[in-house]
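Here is how names work: the chains are called A, B, and so on, in the same order as the sequence lines, proteins then strands, and each is numbered from 1. Side chains are part of it too, since the values below use all heavy atoms of this structure and drop only hydrogens, waters and symmetry mates.
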Amino acid sequence: MTEEKSLNFLEEIVEKDLREGKHQAILTRFPPEPNGYLHMGHAKSICLNFGLANKYGGKTNLRFDDTNPVTEETEYVESIKNDIRWLGFNWAEELYASDYFEKLYQFAVVLIKKGLAYVDDSTSDEIARQKGTPTTPGTNSPYRDRSVEENLQMFEDMRAGKYKDGEKVLRAKVDMAHPNMHMRDPLMYRIKHAHHHRTGDRWCIYPMYDFAHGQSDSIENITHSICTLEFIPHRALYDWFIEKLEIYPSRQYEFARLNMTYTVMSKRKLLQLVNEKHVSGWDDPRMPTLSGVRRRGYTPASIREFCERIGVAKRENLIDVGLLEFCVREDLNKVAQRRMVVFDPIKVVITNYPEGKEEMLQSENNPEDPNGGNREVPFSRELFIEEEDFMEVAPKKYFRLAPGQMVRLKSAYIIKCDEVIKDASGKITELHCSYIPESKSGSDTSGIHVKGTLHWVSAKHTVPVEVRLYDRLFKVEDLSEADGDFKDYLNPESLTVKTVYAEPALINATTNERYQFLRKGYFTIDPDSTKAKLVFNRTVTLRDTWTKSSK
RNA sequence: UGUCCGAUGGUGUAAUGGUAGCACAGAAGAUUUUGGUUCUUUUAGUCAGGGUUCGAAUCCUUGUCGGACAACCA
């Protein structure tokens, strides 16, 4: 008997619709506007839309909502497609709202003929005033009662380019006193003499979101049109257009968008960070964009798992970024190749190890994978260990190296610290240790048990590599609660770059391999990496219960 | 002082009138040649009042709190 996983509210709706025969199959869509890069919020929407279709044997269209030529670019179209594929989803059809411009125009003509739309000469200020406020009704435009013939002619003239930008708009004739602001004669078309990334200069009038989205859904026979909460008030209009046009009744459902701690999730703000150079670009590894987390080393599987775990509901939420980190660690732990890299070295001399002697030791590539194989790690008389792995005066539960104390060097020998060498200023320059020859990893007959195991590198075999260490982009957990400019809360220490000491096996690191630098975290090669200078991004640190409990 | 949406441990998310469960985070312990992994245990919750009912997180009611809506953006 397997435990039945409970359904989210959208799955319940879909199951009900299928059960009652409302639909034979479902068709969803993912509708990005090509004016920015996809972020984790989009990932949630993608997993939802594609996930629903996958689960219930339906399909998902990719439809670019490209109704505003002044902000949209082909560059974004390509990055969006790339990100969706990377996440692991395949769309049924690649479509564009701009494919429907002619149809949409004809829909508008239908509404004009029905007396449900009119051309308005009012300025945008005047229209704003006519709208009223949420608590006071609006007033009718003086142009509201133009004849059908006049409206038809003027709308045709709008299309023909006889007017300048902003001179006229087409509005739906609904109800200027409606309690829902979106129903107070909303704009359907505006004039923009602008070049469109797909239709070029064919059009100088462009439909507004409300007159494009629902109709596009309907044209494609989308069964479930899933969007975020802020579109709830638009639903009345969505349904109104479909009803008046008597076209396929797609239905809109809304869920709460994703918010994460210590970051922002709005294209506008992300664009600002890019434009004002607070980050290196849309794919800066600190960005919550898909291109950013990809470069940082997050795996598609870990992001899908994250989206699964955060659930779907209608209440506002703020997800702990720690959950994302948990998901990526869980995934990476299974696949990452283990390597040893010392960040802040302190020299260790094994005084009883013959000068000039070297030996190759075997070390497992991945203890989680029995078939992962081994690699060779050179061992010699002079080594580096991590500065923080030695303390001259050690507290009680300190398992690492200290005078007179023993530790295991991973995959090598147990050593004992005999002497601390300092320079004139009292700074520790090296540690003199002795090793236990019988304690060799894999053939230990010493019978000695030590609590601590350290990573290390052989001093003369060391390979310098650059690591880029990331911290949260912002200093505060909840940016929506922060007063003033969100950029005031940027964390100045979100990026640390350092050159560190790696074991030689890392020379052969490849882009498609993931690495765990023992006790340091999970790393992946950055695109800036070259043969001459390897560059690694830290995806996430390892879970650390020691520094936490020692505080 | 309008309309709409929402409110369950610290954070998310279930329970669809019948034992408030799961995950992350936190705490304690075991295992460990990564203070990682794994395993065990554990802390902590139904916004408030009233009502219906044998029985309410769930239904009704009145409040409270949070959010959305007045772009020729999507």
A:K131 side-chain proximity, nearest of B:A23, B:G12, B:A70: B:A70
Inter-nucleotide P distance (B:A23, B:U41), Å rounded: 11 Å
N/O (side chain, A:T67) to phosphate O (OP1/OP2, B:A74) under 4.0 Å: yes
Pairing nucleotide - B:A27, Watson-Crick or G-U, each distance under 3.5 Å: B:U41
Presence of A:R329 side-chain N/O under 4.0 Å of B:G36 phosphate oxygens OP1/OP2: no
Of the listed nucleotides B:G35, B:A70, B:U3, the one nearest the side chain of A:T545: B:G35
Heavy-atom donor-acceptor pair, A:R543 side-chain to B:U37 base, under 3.5 Å: no
A:K162, NZ: over 12 other non-hydrogen atoms inside 6.0 angstrom: no
B:A15 versus B:G21 - spacing of their P atoms, nearest Å: 14 Å
Euclidean distance, atom CZ of residue A:F343 to atom C1' of B:U34 [Å, nearest integer]: 14 Å
Residues A:E325 and A:Y522: side-chain donor-acceptor under 3.5 angstrom: no
Base-pairing mate for B:G9 - Watson-Crick or G-U, with both contacts under 3.5 Å: none
A:L271 CG to B:C73 P, straight-line distance once rounded to whole Å: 16 Å
Given B:C72, B:C69, B:C73, the nucleotide with the shortest approach to the side chain of A:H182: B:C69
Counterpart base for B:U33, defined by Watson-Crick or G-U wobble contacts under 3.5 Å: none
Any A:R190 side-chain N or O less than 4.0 Å from OP1/OP2 of B:C73: yes
Side-chain donor/acceptor contact of A:T453 with base of B:U34 under 3.5 Å: no
Short side-chain N/O contact to B:C5 OP1/OP2 from A:R257, under 4.0 Å: no
Phosphate OP1/OP2 of B:G36: any A:R519 side-chain N/O under 4.0 Å: no
Per A:P233 side chain, nearest of listed nucleotides B:A25, B:U34, B:A68: B:A68
Separation of B:C73 P from A:H234 NE2 (nearest whole Å): 13 Å
Rounded distance in Å - CZ (A:F326) to C1' (B:C24): 7 Å
Whether A:W546 and A:F399 hold their rings parallel, tilted or perpendicular, with breakpoints at 30° and 60°: parallel
A:E33, nearest nucleotide to its side chain (from B:G6, B:G12, B:A74): B:A74
Distance-only side-chain donor-acceptor flag, A:T123 / A:D125, under 3.5 Å: no
Proximal nucleotide (of B:G35, B:A74, B:G6) relative to the A:M208 side chain: B:A74
Nearest-nucleotide 5' precedence on RNA chain B, A:K410 against A:N68: A:K410
Pairing partner of B:C73 (Watson-Crick or G-U wobble, both distances under 3.5 Å): none
A:S6 vs B:C22: side-chain N/O to OP1/OP2 distance below 4.0 Å: no
Between P of B:A70 and CD1 of A:I127, the distance in whole Å: 15 Å
Between B:G35 (P) and A:W546 (CH2): distance, integer Å: 11 Å
A:R315 side chain, from C-beta outward: closest of B:G35, B:A71, B:U8: B:U8
Separation of B:C73 C1' from A:D65 CG (nearest whole Å): 11 Å
Side chains of A:Q130 and A:R171, donor plus acceptor under 3.5 Å: yes
Nucleotide of B:U33, B:G67, B:G35 approaching A:F399 most closely (side-chain heavy atoms): B:G35
Check: A:R29/A:H213 side-chain N/O donor and acceptor closer than 3.5 Å: yes
Between B:U3 and B:G12 - C1' atom distance, rounded Å: 29 Å
A:R339 and A:N365 side chains, donor-acceptor separation under 3.5 Å: yes
Nearest-neighbour nucleotide for the A:T135 side chain, B:C72, B:G26, B:G2 considered: B:G2
Integer angstrom distance from the C1' of B:G36 to that of B:A68: 44 Å
Base partner of B:U58, which must satisfy Watson-Crick or wobble distances under 3.5 Å: none
Side chain of A:Y398 - closest among B:G35, B:C73, B:C69: B:G35
Presence of A:K44 side-chain N/O under 4.0 Å of B:G12 phosphate oxygens OP1/OP2: no
P-based separation of B:C60 from B:G66 [nearest Å]: 24 Å
Watson-Crick or G-U wobble mate for B:C4, both contacts under 3.5 Å: B:G67
Value in whole Å for how far the C1' atom of B:C39 lies from CD of A:E368: 13 Å
Flag for A:Q337-A:Q516: side-chain donor and acceptor within less than 3.5 Å: no
Base of B:G12 paired with side chain of A:R309 (donor-acceptor, under 3.5 Å): no
Gap in Å between the two P atoms, one belonging to B:A74 and one to B:G67, rounded: 26 Å
